[in-house]
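Just so it is clear: chains get the letters A, B, ... in the order the sequence lines come, proteins before strands, and each one is counted from 1.
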Amino acid sequence: MLPLHQLAPGQKAIIESIETESLPLKLIEMGCLPGNEIALLYWAPFRDPLYLRIEEVHLAIRKEVAQHIMVKPLVDD
Amino acid sequence: MIKNINVALIGNPNTGKTSVFNALTGLNQKVGNYPGITVEKKQGSCRLDRVTKARILDLPGTYSINASSMDESVVVELLLNKNNPDYPDVAVVVTEVENLKRNLLLFTQIKDLEIPTVLLINMSDQMQRKGIKIDMEKLEEKLNTKVVLVSTRRNSGVDQLKQILVEYRSISTTPLMNPKEIDPTYFENLEKAFPNQSLYKLWLVITQDVNFMQLERKKVEDTTHFKTQTKTYLKKLQQRETIKRYQMINQILKATYEVNRKEAKDLRIQLDNIMIHKFWGYAIFFLILLMIFQAIFEWSSVPMDMIDSSFAQLSEWIKNQMPAGILTDLLAEGVISGLGGIVIFIPQIAFLFLFISVLEETGYMSRVVFLMDRGLRRFGLSGKSVVPLISGTACAIPAVMATRNIENWKERLITILVVPFTTCSARLPVYLILIALVIPDGRLLGFNYQGLTLMGLYFLGFLMAILSASVLNNFLKSPNKSYFVVEMPNYKLPLLKNVLLTVWEKTRSFVIEAGKIILAISILLWFMASFGPGKNFSNAEQIITQEYADQPIEPEVLECKIAAFKLENSYIGVLGKTIEPLIRPLGYDWKIGIALISSFAAREVFVGTLATIYSVESDTQETIKNRMAGEKRKNGLPRFNLATGISLMLFYAFAMQCMSTLAIVKKETNSWKWPTIQLFSMTLIAYLAALLAYQMLK
């Protein structure tokens with residue numbers, strides 16, 4: 001298990017837990033919930049913000065928020 | 001008898017809600033503002049059948065009913081207030097077929113407000129290509145409402161929607177979720193405190209400011225004595241609510257929605273590999289910026305010149321056709337020149353919004369936000385500040401309005417406060433004439449000095465915006481924490497109709513918003529320049545004629561001398577002389593003082609005012625442009641040396657001389673505090689910079 005921003009671009013993972021205190025409700029409403037699949041697609045320069053896919057939703061968040069999302073990387077199939 | 005019903009269109013951004021609105025209303029729409037704030041209010045009308053007419057309200061795009069920005073809070077405020085004349089008889093939640101799951105979250109929230117709520121699934125033409133199948137009958141049954149498939153690209157489903165709207169009374173208003181599922185104890189207590197009321201509505205009233213703090217909001221119901229829980233706890237409950245809703249949605253979709261996901265063949269990945277590339281991404285953005293500037297400054301100049309000369313001709317024509325007198329003067333010099341001062345900006349504003357709306361429609365703008373966020377954040381701005389900063393090079397007014405989708409109050413406020421530093425197009429004529437007057441025509445490494453100076457002034461504007469942003473960043477405290485979440489929509493071709501309607505609306509609202517103020521100030525300035533205290537003003541003609549009685553002088557030149565003498569003794573001339581001691585250290589005299597004051601209508605008025613003051617010999621056909629050229633020939637005037645010229649340029653670069661911008665800032669921030677701070681601090685910076693420049697160069 002590792003915080004989201006430590007994934008490598010292109011890597012997929014399952015959301016394990018979220019620190020609800022530190023996340024905007026909007027992100028949760030967009031599907032950032034434990035059990036959902038998440039993929040880190042791109043980094044902007046300096047690895048911030050992060051371009052993600054959560055289920056079928058594509059969005060960008062800042063690193064400061066990403067570190068409150070714990071994920072379990074999926075082994076490439 | 002025609003029956004009118006209120007229909008509200010609600011939906012996530014990027015679901016094609018506006019296309020649906022355009023398909024329903026066509027040109028029968030009008031855009032205004034919600035009272036007190038500048039969130040756009042789009043309304044239109046549509047004939048549903050022979051006896052029913054719908055007033056359609058296109059609410060701002062929102063991801064959920066829990067508002068996290070100013071745009072979004074409009075939605076919840078309307079839906080919680082049954083007494084609002086716009087309160088919908090029926091709501092249509094617009095969703096997109098590919099993102100149905102996420103879109104349904106908002107649908108379930110609206111449905112639970114006990115409003116008849118139709119589900120519209122848009123972009124249904126994509127279903128086959130994406131391998132999506134929907135069991136419509138079952139979906140209608142599970143959601144307990146009417147569901148309609150629409151494709152605005154193929155123009156299908158709209159008639160069916162109209163039919164459903166006509167029969168809206170048959171739609172059930174039973175909520176889908178019982179709020180007690182979220183937290184039984186909390187909601188049972190709430191029910192005891194407010195019996196016979198909708199629990200979900202109460203809940204929304206209580207939590208309205210948990211995610212987004214507004215400076216002021218209307219209380220729908222007085223729930224102040226029920227704030228028994230901390231914000232943290234309420235937020236936890238909101239999250240639990242979201243989870244519960246998604247559980248419900250997942251169950252519904254499992255039984256009704258099927259996707260055959262053969263590796264989605266969309267362009268997203270190929271395009272994103274380039275568009276947000278470390279190098280190419282920025283290079284492309286830079287090229288697009290160049291093109292926008294090219295459009296604003298090169299392409300716009302043709303229609304702008306035409307507008308300029310036709311207003312000058314109109315003014316002349318009125319002077320010649322109407323009987324000479326005060327009314328003619330007011331019309332020709334106050335009203336017409338005021339109107340001309342607004343209309344002249346239309347080409348630039350239209351080009352600007354053409355580009356911005358194409359970039360937004362295609363989905364590219366989100367990529368720019370993504371690329372620029374990190375760099376701008378260092379200065380207290382956000383990736384979302386890019387659009388306002390670009391818009392600022394045309395005009396600060398649409399730029400300030402473009403800050404509305406920045407959720408973070410502090411980042412938004414900083415953007416609003418610094419945007420007027422960017423070089424707006426009203427400064428351009430001032431710069432051009434000053435550069436022509438004081439900067440020599442030589443070359444440095446093949447670059448023209450004059451061109452370099454102009455470029456330097458543009459950089460200076462951006463630099464000052466960024467610098468003051470970082471200063472503000474250290475001083476301002478953020479009242480609420482809000483975060484950066486940007487949807488990255490799929491790339492798509494822009495719909496021409498949507499783009500053109502956006503350009504039309506934005507331009508129109510600019511003309512109206514800024515127009516009233518520019519017009520009012522122009523008339524006021526005309527008044528101050530046309531009347532004066534004391535005998536010198538009323539006897540101007542006599543005094544000057546006597547003075548030149550024994551000299552051979554052409555009547556036209558004499559007339560100019562009289563006009564200049566009148567201006568000197570008018571109210572505005574007196575005012576100019578009053579402030580002269582204050583501006584003398586900057587290298588200005590009372591004549592420039594007059595031009596500075598009149599610049600408050602719009603900065604470019606500077607040029608016209610100077611033309612009048614220096615009594616440029618004009619024959620009747622001359623336009624303002626030619627007067628400027630005439631001004632240039634008087635290069636020998638010692639008043640306009642390098643020191644004064646540079647000092648003036650710096651003053652215009654930094655000073656807050658635009659009443660319209662101040663008015664819009666007042667509206668956007670809902671207080672006089674920020675525009676006042678802006679006015680005084682910017683003008684102080686301008687004064688000091690001009691003072692320093694003049695004293696060093698003199």
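No side-chain heavy atom of B/V486 sits less than 4.5 Å from a side-chain heavy atom of A/L59. Side-chain contact between A/V65 and B/F484 is absent, with no heavy atoms from C-beta onward closer than 4.5 Å.
Ion pairing between B/K101 and A/E56 fails under the 4.0 Å rule for side-chain N and carboxylate O. A salt bridge links A/R62 and B/E411; the closest N-O separation between the charged side-chain nitrogens and carboxylate oxygens is under 4.0 Å.
Interface remark: of the candidates B/L105, B/D373, B/N12, B/D373 forms the most heavy-atom pairs closer than 4.5 Å to chain A. By number of non-hydrogen pairs under 4.5 angstrom with chain A, the leading residue of B/Q239, B/K278, B/M372 is B/Q239.
Using a 4.5 Å cut-off between heavy atoms, B/T62 makes no contact with chain A at all. Using a 4.5 Å cut-off between heavy atoms, A/L50 contacts chain B through its backbone alone, with no side-chain atom that close. Residue contact with chain A, scored on non-hydrogen atoms closer than 4.5 Å, involves the side chain of B/R377 exclusively. Looking at B/N273, both its backbone and its side chain come within 4.5 Å of chain A, counting heavy atoms on both sides. With a 4.5 angstrom heavy-atom cutoff, B/R367 touches chain A only via side-chain atoms. For B/Q109, the part lying under 4.5 angstrom from a heavy atom of chain A is the side chain only. Using a 4.5 Å cut-off between heavy atoms, A/I61 contacts chain B through both its backbone and its side chain.
Contact between B/R102 and A/V57 at its shortest, heavy atoms only, is NE-CG2, 3.4 Å. Closest approach of A/A60 to B/F370, counting heavy atoms only: CB-CD1, 3.7 Å. Smallest separation of non-hydrogen atoms from B/N66 and A/E29: ND2-OE2, 2.9 Å.
By the 6.0 Å contact criterion, CD on B/Q251 is open, its count of non-hydrogen atoms from other residues, nucleotides or ligands being 12 or less.
Distance alone, capped at 3.5 Å, places no donor-acceptor pair between the B/K235 side chain and the A/P24 backbone.
Legend: residues meeting side chain to side chain contact (heavy atoms under 4.5 Å, CB included) with B/P13, ordered by chain and number and at least two apart, are B/Y63.
Side chains of A/N36 and B/Y246: a donor-acceptor N/O pair is absent below 3.5 angstrom, by distance only.
With rounding to the nearest 0.5 angstrom, the CE atom of A/M30 is 12.5 Å from the OG1 atom of B/T242.
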Side chain to side chain contact (heavy atoms under 4.5 Å, CB included) between A/Y42 and B/D272, intermediate numbers included = CA-CA 9 Å; A/Y42 302 93; B/D272 273 341; 3.4 Å; yes

